[in-house]
Amino acid sequence: MQAITRRLGHQSLRPTASISSIKSIYPLSDHYYGGDHPRYGSTLASHKGMGHLVRKGTGGRSSVSGIIATVFGATGFLGRYLVQQLAKMGSQVLVPFRGSEDNPRHLKLMGDLGQIVPMKYDPRDENSIKAVMAKANVVINLIGREYETRNFSFEEVNHFMAEQLAVIAKEHGGIMRFIQVSCLGSSLSSPSRFLRAKAAGEEAVLKELPEATVMKPAVMIGTEDRIMNRWAHFAKKYMPFPLPNPDIFNLDQINAFATDTVVSENALTFMDLGIVPHKLKGYPVEYLIQYRKGGPQFGSTVSEKVNPDSYP
């Protein structure tokens, strides 16, 4: 696995010169490193050899859980719900952000005064990463993007950034738990560069931190999701089944969707987390009422038709 060159300033994360090109890391080989490989399934190992947490209170928002979590990518879709849950259990949450200070503003309301701490950082500046991780004992990496921009490639966002966080967490010495959120279907043999980069990111993290937890969720549905909202927008604006175009799908996403993503038999699942999944049928989708051609009051939502008690 390639290492990253850790430099200050605004230089890109690049592989070391001793290793060949990026293409060698993402081969379209027959050797599979996806979810069916025992090393890359979700792991739920308990804390080992790192002492105990100091807890105070009854476990609510005003309690002290002893957890100080740095959540990278907290301003995204999943991040706001994770921050809310961490704060609800009395944890202090450090929120690294880049860009405008308005980006993490909505997160500060999820905890008591001083509980949610936004910290501006530069993902290409090692010192700023160390600063937002300095007081943490838990690191959660939600950074990921299924499309490229002129500033960030698939490999930089999904692989090299994850590797850099793991390297710094290892040097930190006081990180009790490192959680890497990847995605279902990640594989070095995938036709999708995004999924190959995700798989390489998992391998890099586990190489540095073998006890790290790797979560591999499928496409997530919710108020700010990028699947239901996207389809509803185009169904209203164009046709019931819009043709793929750069605004709804890029070529790499089409390549990713060309392969079925199936959870392997030996992977830990929702049951191991105490979560009971529900089918989309019957899921409350009130957030889609804005896309009704007749307005919000036209028709009824799925949740109005289906009794939640009948959920499977």
Side-chain angles (χ1 to χ4, degrees), residues 1-16 19 22 25-26 68-80 82-83 86 93-107 116-172 175 177-183 186 193-209 212-215 226 252:
M1 182 58 57
Q2 285 176 316
I4 53 174
T5 300
R6 304 192 298 276
R7 302 187 180 187
L8 304 181
H10 298 280
Q11 300 184 30
S12 298
L13 301 176
R14 294 190 179 123
T16 56
I19 308 295
I22 291 179
I25 295 196
Y26 306 97
I68 304 176
T70 298
V71 183
F72 291 91
T75 57
F77 169 38
L78 176 60
R80 68 179 62 203
L82 176 59
V83 170
L86 287 169
V93 186
L94 310 179
V95 180
F97 72 95
R98 62 187 184 89
S100 171
E101 294 185 356
D102 290 337
N103 292 343
R105 184 173 58 180
H106 61 288
L107 300 176
I116 312 296
V117 185
M119 303 179 69
K120 193 162 187 176
Y121 89 118
D122 182 351
R124 291 181 172 134
D125 183 342
E126 183 179 297
N127 281 348
S128 72
I129 296 175
K130 289 181 177 179
V132 299
M133 205 184 291
K135 296 183 178 181
N137 52 30
V138 172
V139 173
I140 304 174
N141 180 28
L142 305 180
I143 297 175
R145 181 169 288 172
E146 71 276 18
Y147 59 91
E148 292 186 290
T149 66
R150 63 181 181 180
N151 295 320
F152 295 97
S153 67
F154 284 124
E155 293 76 21
E156 185 174 13
V157 172
N158 300 295
H159 173 191
F160 300 132
M161 286 185 183
E163 183 173 21
Q164 185 179 45
L165 296 182
V167 169
I168 294 175
K170 183 177 181 179
E171 294 174 352
H172 183 290
I175 302 302
R177 173 66 61 84
F178 187 103
I179 300 175
Q180 169 72 13
V181 178
S182 186
C183 64
S186 58
R193 281 179 59 203
F194 165 71
L195 292 178
R196 296 200 300 273
K198 276 294 188 184
E202 295 170 19
E203 182 173 293
V205 167
L206 291 171
K207 180 181 178 180
E208 296 294 334
L209 302 168
T213 299
V214 175
M215 307 294 292
R226 294 192 294 271
D252 194 80

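All heavy atoms count here, side chains included; hydrogens, waters and symmetry mates do not. Residues take their numbers from the sequence shown, with the count starting at 1.
Checked by atom type and distance alone, the side chain of N137 pairs as donor or acceptor with a backbone atom of I68 at under 3.5 Å. Although no hydrogens or angles enter the test, the distance criterion places no donor-acceptor pair under 3.5 Å between the side chain of H159 and the main chain of F154. Using modelled atom types, one side-chain atom of N103 and one backbone atom of R98 make a donor-acceptor pair closer than 3.5 Å.
Remark: of the listed residues R145, R193, R196, R193 is the sole one forming a salt bridge (Lys or Arg N to Asp or Glu O under 4.0 Å) with E155. Put simply, the residue from V95, I143, L82 that forms a side chain to side chain contact (heavy atoms under 4.5 Å, CB included) with V71 is L82.
F178 has its side chain out of reach of E208: every pair of non-hydrogen atoms, C-beta onward, lies at least 4.5 Å apart.
Within the model, atoms OG1 of T70 and CD1 of I129 stand 11.5 Å from one another, a figure rounded to the nearest 0.5 Å.
Considering every non-hydrogen atom in both R124 and E156, the closest pair reads NE-OE2, 2.8 Å. Closest approach of F194 to C183, counting heavy atoms only: CE2-SG, 3.9 Å.
Other residues, nucleotides and ligands contribute only 12 or fewer heavy atoms inside 6.0 Å of the OH atom of Y147. Atom CZ of R226 sits in a sparse spot, with 12 or fewer heavy atoms from other residues, nucleotides or ligands closer than 6.0 Å.
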Stepwise, does the salt bridge (charged side-chain N to carboxylate O under 4.0 Å, His left out) test hold for K207 with E163?
-> CA-CA 9 Å; K207 180 181 178 180; E163 183 173 21; over 6 Å; no
Quick one: do R105 and E101 satisfy salt bridge (charged side-chain N to carboxylate O under 4.0 Å, His left out)? Show the steps, please.
-> CA-CA 7 Å; R105 184 173 58 180; E101 294 185 356; over 6 Å; no
